[in-house]
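Written below as structure tokens is the structure these notes are about.
Quick note: residue numbers are just sequence positions, from 1. Here the structure is a predicted model, which is why all the values come from computation and not from measurement.
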Amino acid sequence: MAAITASMVAELRARTDAPMMECKKALTEAEGDLTRAEEILRVKLGNKAGKAASRITAEGVVAAAVVGGAGALIEVNCETDFVSKNDAFLAFVNALAGLVAEKNPADVDALSALPLSQEGFGPTVEDVRKGLIGKIGENMTIRRFKRYEGGKLVSYLHGTRIGVMVEFDGDDVAAKDVAMHVAAMKPAALSSAEVPAELVAKERKIAEEKAAESGKPADIVAKMVEGSVQKFLKEVSLLDQVFVKAADGKQTVAAMLKDKATAVKSFTLYVVGEGIEKKVDDFAAEVAAQKAAAEAAAAAKNA
């Protein structure tokens, strides 16, 4: 059997970026053949990615990129906040944002099939994702992205967990202020007419239940419900919201934009993990379950 030297391990690690012990194991299995060891590691990293795929990814980062006349906002998730600060993970997400802006993939599957390199060759996005899973040991998923092209764009990132992209005509500073406003106030739509129907229906149902408890006549109840719904629409519509930087505390976003001769065409807001049900570990319950399983196994053995 070939002797596995430290320099061989170091070379394989440089090629694959895999953990040192995994490199040593692969070289031992390959009897010192670096090429074969690299193949073994790729298989193992792929298997590791497969095992991780069922784990919930509710942490992560949002990244933005504007390349020429195109821009992209993307959310990539991982399992823990610790990994969301990993330099390799952050570099991967930022590279993806630029790739979406430049290559215009149709969906996440199409993005995953693209070479990550801007030159158009080398490992695909999916290859790199699996490699990172193998290196870091956590599941990672590309959740969603939004691409814009043809208009003026501005982006705003609040840390790495909240990202906004705004498509607009007019003043750059006003548009940037709107992006910051969106990050702070989280509107559901640009205007009242664009608020998703399911949100309006949910709010109307709540308003009806509250109004019914008042015991007032039906016509009054109907007005109360409609008033509540209209108030809700103003609260969640970007143009109707009070601008966060309004000096008088009353100026709406629409009024501010009019003053600046600026029009917002659309916007996208991503908040990391929004809508993903996080797994809450109950350590006591887990221990109890393990104990019960051990007792059951012991009882079955003694029976």
Side-chain angles (χ1 to χ4, degrees), residues 17 49 52-53 55-68 70-105 107-108 111-112 114 116-118 123-148 153-168 172-173 175-188 238 244-245 264 266-281:
D17 209 20
R55 299 203 295 263
I56 295 173
T57 52
E59 299 296 337
V61 300
V62 175
V66 176
V67 180
L73 193 68
I74 190 167
E75 177 185 354
V76 181
N77 300 128
C78 55
E79 294 178 51
T80 65
D81 182 59
F82 177 77
V83 169
S84 71
K85 297 179 175 65
N86 179 280
D87 288 341
F89 178 69
L90 291 171
F92 175 62
V93 180
N94 284 317
L96 290 182
L99 197 61
V100 170
E102 183 177 358
K103 301 297 184 181
N104 191 21
D107 52 28
V108 171
L111 171 60
S112 298
L114 289 174
L116 185 61
S117 167
Q118 295 290 335
T124 66
V125 168
E126 180 63 8
D127 291 336
V128 176
R129 185 187 74 88
K130 287 183 176 180
L132 280 174
I133 291 174
K135 176 186 175 184
I136 298 174
E138 274 197 18
N139 191 21
M140 301 169 193
T141 56
I142 303 169
R143 184 184 184 193
R144 53 184 174 173
F145 63 78
K146 176 67 177 180
R147 184 179 183 273
Y148 291 90
L153 299 170
V154 66
S155 65
Y156 171 71
L157 297 175
H158 188 73
T160 58
R161 296 187 62 83
I162 300 174
V164 180
M165 187 157 286
V166 173
E167 183 182 24
F168 71 100
D172 292 1
V173 175
K176 188 75 171 184
D177 282 344
V178 168
M180 294 173 68
H181 172 99
V182 170
M185 303 307 294
K186 300 177 178 58
L238 172 61
V244 290
K245 294 174 71 174
V264 170
S266 62
F267 73 90
T268 297
L269 165 67
Y270 284 166
V271 179
V272 167
E274 185 177 38
I276 300 176
E277 184 177 350
K278 295 187 180 183
K279 179 181 177 182
V280 179
D281 294 322

Please identify each residue that fulfils salt bridge (Lys or Arg N to Asp or Glu O under 4.0 Å) with [X], with sequence neighbours left out.
X	result
Lys186	none
Asp177	Lys245
Glu126	Arg129

Check each of Met165, His181, Met180 against Tyr156 using the side-chain contact (heavy atoms from CB on, under 4.5 Å) test, and report the only one that passes.
Met180

Listing request: all side chain to side chain donor-acceptor pair (under 3.5 Å) pairs with a residue in residues 85-96, at least two apart in sequence or in separate chains.
Asp81-Lys85

Go through the structure and list residues passing side-chain hydrogen bond (donor to acceptor under 3.5 Å, both in side chains) with Thr160, not counting sequence neighbours.
none

Partners meeting side-chain hydrogen bond (donor to acceptor under 3.5 Å, both in side chains) with Thr268 (sequence neighbours left out)
Tyr148

Could you tell me if the side chain of Cys78 sits less than 4.5 Å from the side chain of Asn139, heavy atoms only?
no

Non-hydrogen atoms of Ser84 and Val61 that approach each other most closely:
O-CG1, 3.5 Å

In terms of heavy-atom contacts, Leu153 and Ala70 come closest through CD1-C, 3.9 Å

Side chains of Glu59 and Thr80: donor-acceptor distance under 3.5 Å anywhere?
no

Between the CZ atom in Phe168 and the NZ atom in Lys176, the distance rounded to the nearest 0.5 Å is 10.0 Å

